[in-house]
Amino acid sequence: MIPSIIIISFILENIVSNIIPVNTTLFNVCFVPISLIIIYPYFNKFNNKYLVTCFITGLCYDLIFTSTLFFYAIIFLVIGVVIKYICNRLSINTISISILSIIVILLYRVFVYFVLVVINYFKYDFNYLLKSIYSSIILNVIYAIIIYLITDYISKKLKIQKKI
Amino acid sequence: MKKKKLEKKYILIIILISATLFLGFSATLIKTDRKLNPVEQIIKDTSLVVIKIVNTPIDFIKDKINETKEKKDLYKKYKELEKKVKETDLINAEKKELERELEEMKNLLDLTSALSEDSYLNATVINRNLGYWYNTITIDKGTNSGIKEDMAVITSEGLIGKIVKASNFTSTVKLLTSEDANNKTSIRIEVNDKYIYGLLTGYNKDTNTFTIEGISDNSEIPSGSFVTTTGMGNIFPSGILVGKVKTISKDHFDLARTIEIESAVDFNNISYVTVLKRKDYQK
């Protein structure tokens, strides 16, 4: 279940990026970071294994998409720590998944943006950051809910254990 | 109690050192023109195969939709083309004469870096702007097809960017729209018989316009003037269309002018590109 969620997210992120306009104001994709939320319940008590998976997913993102070796690996690891912290205090359902996706998008965009500003990749512009966040919320929350419901249905059918 | 305080202190120091190392590491990775190592190249090339297989049915559907859209005003387009064909003979005769003159002048001045010296390589876009901040696209041609870093990439409408990374079968193109502080392009505005030179300093996604700041030349610049590359910096050949002048405004001190350029390319929808393989390219 876990590898298939991650692989599907990688493939869909690639496909959707080719369909939607580059400068879209509402539908920016970040399906791969969202998949980190969906896979968390399937790790049950193996929390360290979850963090290793986050790191490897980030590394694959670096290698396949952005060519920034280890940059996204570390960012995904940090996102994984936050997801782990929140999920240990919340029950997992559609609403908590939606809230978590918004938190992950926010964290993901802010973290990458500030690193790029600090290393002087581009000038600080709050509106640019704000736009990147609100333009990513709708599509990714919808994706999170859909993939959560599908995987939940499959796990019930196949009797796969997961955290509730 | 004291031991706990000491532990906290150590954790804080470790976090600070890690953050500093991470930032330094990120700066080296993102800002420098690093070449892909063999492992990265193999993974990129392998992923291209999967991406191409997955994209095939989607591209087919996209092409069919575009075909249907284009068929709607087919008659109107046919009439427009008919008019243009009549003008072609005249233009061809003029072109031949100009080519002959250009060749003579080049021989006279020993010039080799004009656009006509390039060969073209068509490529398909396999993904667009992943990672959001970098304004890059990936194309399905790499070093095996003769692509090298810093080669110019165009569409039928004009310049779109340059190659920044290349593996055997894929290449990453940094778009002109990139906010990257190192990504400045030298351009010239054609005004009557002379050129006004400047640098592209910014891009507005909402209006699809570029900004040129600090033009101190006082010549009148009419709206609609063509903006092309200068060929300076030895990356983009001279004479590639970037856009047309849209508006001109003065800065706060009334000293220099800021020019808005309407981009010739619709950056929202780039599916096919052409790489300019320069004959004189040595890197």
Side-chain angles (χ1 to χ4, degrees), chain A residues 7-8 10-25 28-33 58-75 77-78 105 108-109 111-125 127-129 131-133 135-136, chain B residues 18-19 22-31 34 36-37 39-44 46-48 50-51 54-55 58-59 61-62 125-138 164-165 167 172 175 177-183 202-206 208 266-271:
Chain A
I7 291 167
I8 287 169
F10 264 98
I11 291 171
L12 282 178
E13 181 149 347
N14 188 78
I15 292 172
V16 177
S17 81
N18 255 345
I19 296 168
I20 56 162
V22 172
N23 298 325
T24 178
T25 47
N28 275 309
V29 278
C30 29
F31 292 164
V32 181
L59 192 62
C60 292
Y61 197 87
D62 282 318
L63 291 169
I64 298 168
F65 289 158
T66 56
S67 308
T68 49
L69 207 58
F70 292 112
F71 180 64
Y72 281 89
I74 292 165
I75 281 164
L77 181 68
V78 174
I105 292 163
Y108 176 60
R109 291 292 190 222
F111 197 11
V112 177
Y113 182 80
F114 276 104
V115 171
L116 293 176
V117 167
V118 168
I119 64 170
N120 198 26
Y121 185 76
F122 44 60
K123 278 186 254 168
Y124 174 76
D125 178 359
N127 285 335
Y128 190 33
L129 172 65
K131 200 177 164 187
S132 77
I133 295 167
S135 68
S136 309
Chain B
S18 315
F22 175 62
L23 287 173
F25 183 64
S26 310
T28 320
L29 275 174
I30 297 166
K31 287 189 79 183
R34 181 180 68 91
L36 296 176
N37 63 46
V39 180
E40 284 179 278
Q41 289 200 20
I42 291 166
I43 293 172
K44 268 205 169 265
T46 317
S47 66
L48 173 76
V50 181
I51 289 168
V54 173
N55 275 353
I58 289 145
D59 285 343
I61 295 166
K62 253 173 84 177
V125 176
I126 53 170
N127 62 47
R128 302 193 296 210
N129 203 21
L130 288 167
Y132 187 82
W133 306 107
Y134 312 105
N135 281 286
T136 55
I137 56 171
T138 312
V164 283
K165 281 188 176 70
S167 68
T172 308
L175 299 176
T177 57
S178 173
E179 296 278 328
D180 180 0
N182 302 323
N183 193 37
Y203 173 73
N204 187 334
K205 284 180 178 181
D206 301 325
N208 193 26
D266 177 12
F267 284 94
N268 277 327
N269 196 17
I270 303 166
S271 300

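To find a chain, count down the sequence lines: A is the first, B the second, and so on, and within it residues start at 1. Here the structure is a predicted model, which is why all the values come from computation and not from measurement.
- In terms of heavy-atom pairs under 4.5 Å with chain A, the best-connected choice from B:Tyr134, B:Phe25, B:Phe267 is B:Tyr134.
- Contact annotation for A:Val115: both backbone and side-chain heavy atoms come within less than 4.5 Å of a heavy atom of chain B.
- Contact annotation for B:Thr46: neither backbone nor side-chain heavy atoms come within less than 4.5 Å of a heavy atom of chain A.
- A side-chain donor-acceptor contact under 3.5 Å links B:Asn208 and B:Tyr203.
- To the nearest 0.5 angstrom, B:Ile43 atom CD1 is 14.0 Å from B:Leu48 atom CG.
- Looking at B:Asp266, neither its backbone nor its side chain comes within 4.5 Å of chain A, counting heavy atoms on both sides.
- Separating the CG atom in A:Leu129 from the CZ atom in A:Arg109 is a distance of 9.5 Å, to the nearest 0.5 Å.
- Comparing B:Asn269, B:Ile137, B:Ile126 by how many heavy-atom pairs each has under 4.5 Å with chain A, the most go to B:Ile126.
- Neither the backbone nor the side chain of A:Lys123 comes within contact range of chain B; no heavy atoms are under 4.5 Å apart.
- Contact count against chain B (heavy-atom pairs under 4.5 Å) is highest for A:Ile119 among A:Ile20, A:Thr68, A:Thr66, A:Ile119.
- Contact annotation for B:Ser26: both backbone and side-chain heavy atoms come within less than 4.5 Å of a heavy atom of chain A.
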Criterion ring pair (Phe, Tyr, Trp, His ring centres under 6.0 Å) on A:Phe71 and B:Phe22, from CA distance to verdict: CA-CA 8 Å; A:Phe71 180 64; B:Phe22 175 62; 5.8 Å; yes

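- Using a 4.5 Å cut-off between heavy atoms, A:Ile19 contacts chain B through both its backbone and its side chain.
- Counted by atom type alone, A:Ser17 and B:Asn127 present zero donor-acceptor pairs between their side chains at under 3.5 Å.
- Across A:Leu116, A:Asp62, A:Asp125, the residue that shares the most heavy-atom pairs under 4.5 angstrom with chain B is A:Leu116.
- Taking 4.5 Å as the limit, some side-chain heavy atom of B:Thr172 sits within range of a side-chain heavy atom of B:Lys44.
- Heavy-atom distances place both the backbone and the side chain of A:Leu63 under 4.5 Å from chain B.
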Kindly determine whether A:Lys131 and B:Asp206 satisfy side chain to side chain contact (heavy atoms under 4.5 Å, CB included), including the steps that lead there. CA-CA 11 Å; A:Lys131 200 177 164 187; B:Asp206 301 325; 3.1 Å; yes

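- Looking at A:Asn28, only its side chain comes within 4.5 Å of chain B, counting heavy atoms on both sides.
- Of all the listed residues (A:Val29, A:Val32, A:Ile64, A:Val118), the one sharing the greatest number of non-hydrogen pairs under 4.5 Å with chain B is A:Ile64.
- Of the two parts of B:Leu36, only the side chain, counted from C-beta on, holds a non-hydrogen atom closer than 4.5 Å to a non-hydrogen atom of chain A.
- A centroid separation of less than 6.0 Å is found between the aromatic rings of A:Tyr128 and A:Phe122.
- Within the 4.5 angstrom heavy-atom criterion, no atom of A:Ser136 approaches chain B.
- Ring centers of A:Phe31 and A:Phe10: at least 6.0 Å apart, outside the cut-off.
- By the 4.5 Å heavy-atom criterion applied to side chains, B:Asn55 and A:Asn18 are counted as neighbours.
- No part of A:Leu59 comes within reach of chain B, as not one of its non-hydrogen atoms sits under 4.5 angstrom from that chain.
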